[in-house]
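First comes the structure, then the notes that go with it.
When reading the values below, keep in mind they use all heavy atoms of this one structure, side chains included, and skip hydrogens, waters and symmetry mates.
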Amino acid sequence: MTTTDLLPATPPRSAARRALLAGSAGNLVEWYEFGVYGCFATVIAANFFTPRAGTGAGVQGGAEALVATYAAFALAFFFRPVGALLFGRIGDRFGRRPTLVLVIGLMTLATTLIGLLPTRADIGAAAPWLLTLLRALQGLSAGGEFGGAVSLMAEYAPPGRRGLYGAWQSFTVALGLLTGAATAAALATVLPAAALYAWGWRIPFLLALPLGAVALWLRTALEEPPGAPPAGPAAATGTTDPAGTTGVREQARAVVLGIGRIMGWSAAGYAFLVVLPSHLQSALGASFRDALLATTLVNLGFAASILPAGLLSDRIGRRPVMLCGALGIAVLAVPLLYLLQSPGTPTQARIAAVLTAGALVGLLAGPGPAMLAEMFPRRVRCTGLGLSYALANAVFSGCAGLFVTALTARTGNTAVPAHYAAAACALSVPALLTLRGNDHREPLR
């Protein structure tokens with residue numbers, strides 16, 4: 001038997017494209033919902049976390065309610081590591097397809113139920129608890145989504161295209177966030193504020209039902225990646241790893257290193273892409289529409305750079321591209337935010353500032369999924385990369401809104417989001433420096 005015989009067969013291009021579409025579809029649904037929650041944070045605060053809901057409560061006098069809203073947001077992220085372990089084990093033992101079908105079903109159900117949920121004015125203190133429960137269910141499903149989808153894309157990717165295929169996962173994050181922001185902006189334009197707060201906010205959550213149904217249909221037709229072992233518990237334990245790379249200690253070290261490599265991506269992504277709308281409203285006094293416009297632009301910059309960054313990382317390696325993004329945010333985040341909030345800044349400069357901020361996050365998000373997939377062997381890939389991503393997001397993304405809102409209210413410093421993103425990216429640089437220059441050319445283990 002030759003070395004080539006040990007490597008998985010290259011999948012047909014048609015099968016690879018179907019896997020790419022099915023893997024990324026669920027991701028779009030997930031991040032559409034998270035984007036909607038971020039855009040409507042002040043509205044949700046008024047309806048669920050303010051004793052006497054009203055259109056003014058969430059925007060001007062609702063700092064404590066907004067903190068509570070982001071606490072529910074953060075709680076969902078702390079369920080993501082649990083989901084990564086649960087669904088990751090299913091994916092590693094029984095195949096990628098069962099995991100991806102389960103998580104999209106659970107995510108769609110929970111998101112739709114949020115759109116049907118009675119508010120605090122209807123059922124009292126039970127409303128925020130029910131919302132928090134549904135956010136926890138979303139956290140479980142989201143924890144399994146990343147590991148299963150990225151494993152599928154990386155294992156189906158043609159030679160020399162893992163960065164590009166993995167970048168589609170991040171690109172659908174941008175599409176989901178853009179779709180959520182655009183939907184919120186459209187509703188804010190066509191509906192009066194009273195109607196938006198009363199019932200209009202439900203529409204984006206209910207739209208997750210048809211989106212999720214399409215994603216579920218795509219995933220039920222999936223086949224396992226080429227070279228996959230037979231599904232079942234025996235498949236996960238039927239071989240040994242003489243090098244010990246799948247041992248508990250090795251995997252724990254890999255997970256910690258993976259967290260270090262993507263902590264900047266997690267923190268900057270949420271500070272700029274999700275937390276920005278409510279921060280601009282609560283801290284800088286921007287209107288709901290202006291805040292959504294800024295969010296749409298920063299997500300456009302993010303989306304525009306992801307696929308080129310993934311493709312470039314296939315050519316020159318993951319390390320230089322991701323280092324450029326991390327160092328760029330560490331150096332430019334604070335100046336860009338001051339430029340954005342300065343009254344004398346021309347409109348063109350404001351647009352350039354938000355586009356640049358989004359593009360820098362894209363340099364991290366493009367190569368990031370492939371980089372994580374290359375860190376773990378196939379037998380534990382779903383669990384390992386899913387856990388790294390979920391833990392990084394739980395700490396550095398899920399807490400971003402809570403941390404930024406609370407610290408801004410306490411200190412009065414409106415540049416807190418930029419300092420938060422810059423610090424996390426600076427701390428991730430040493431971990432990114434440990435990447436080897438030829439990892440992108442090596443076959444997956």
Side-chain angles (χ1 to χ4, degrees), residues 35 38-39 41-42 59 170-171 173-175 177-186 188-189 264-309 312 321-366 400-401 404-405 407-409 411-426 429:
C39 290
T42 53
V59 178
S170 295
F171 185 63
V173 171
L175 288 182
L177 292 172
L178 276 171
T179 305
T183 303
T189 300
W265 169 19
S266 299
Y270 264 77
F272 294 153
L273 306 178
V274 177
V275 174
L276 185 64
S278 57
H279 177 76
L280 290 177
Q281 293 172 77
S282 61
L284 302 179
S287 69
F288 188 59
R289 294 178 187 179
D290 288 346
L292 288 175
L293 176 60
T295 304
T296 301
L297 288 173
V298 76
N299 277 284
L300 282 173
F302 177 56
S305 66
I306 290 171
L307 294 180
L312 183 62
V321 180
M322 297 187 73
L323 277 174
C324 183
L327 290 171
I329 293 170
V331 173
L332 296 176
V334 175
L336 286 174
L337 185 60
Y338 279 125
L339 187 68
L340 182 64
Q341 67 187 25
S342 175
T345 303
T347 301
Q348 295 86 344
R350 293 175 188 269
I351 293 174
V354 293
L355 289 173
T356 300
L360 289 172
V361 179
L363 294 181
L364 295 168
V404 166
T405 303
L407 193 59
T408 301
T411 65
N413 184 356
T414 57
V416 167
H419 288 293
Y420 179 72
C425 284
V429 167

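- Gly362 and Ala309 get closest at one heavy-atom pair: O-CB, 3.7 Å.
- A distance of 11.0 Å separates SG of Cys425 from CG of Leu323, quoted to the nearest 0.5 Å.
- Listed here is the closest heavy atom pair of Ala421 and Ala268: CB-CA, 3.8 Å.
- One distance of note links SG of Cys324 with CD1 of Ile329; it measures 10.0 Å at 0.5 Å rounding.
- Applying the side-chain contact (heavy atoms from CB on, under 4.5 Å) rule to Thr356 yields the partners Leu336, Leu360; only residues at least two apart in sequence or on another chain are considered.
- Nearest heavy-atom pair across Ala424 and Ala267 is CB-CB, 3.4 Å.
- In terms of heavy-atom proximity, Ala359 sits nearest to Ser305 at O-OG, 3.0 Å.
- Taking all atoms of both residues into account, the shortest heavy-atom contact from Leu339 to Ala353 is CD2-CB, 3.9 Å.
- Within the 4.5 Å cutoff, the side chain of Val334 has heavy atoms near those of the Tyr338 side chain.
- Atom CZ of Phe171 sits about 10.0 Å away from atom CZ of Phe302, to the nearest 0.5 Å.
- Nearest heavy-atom pair across Val361 and Gly269 is CG1-CA, 3.8 Å.
- Rounding to the nearest 0.5 angstrom, the gap separating the CG atom in Leu364 from the CD1 atom in Ile306 is 10.5 Å.
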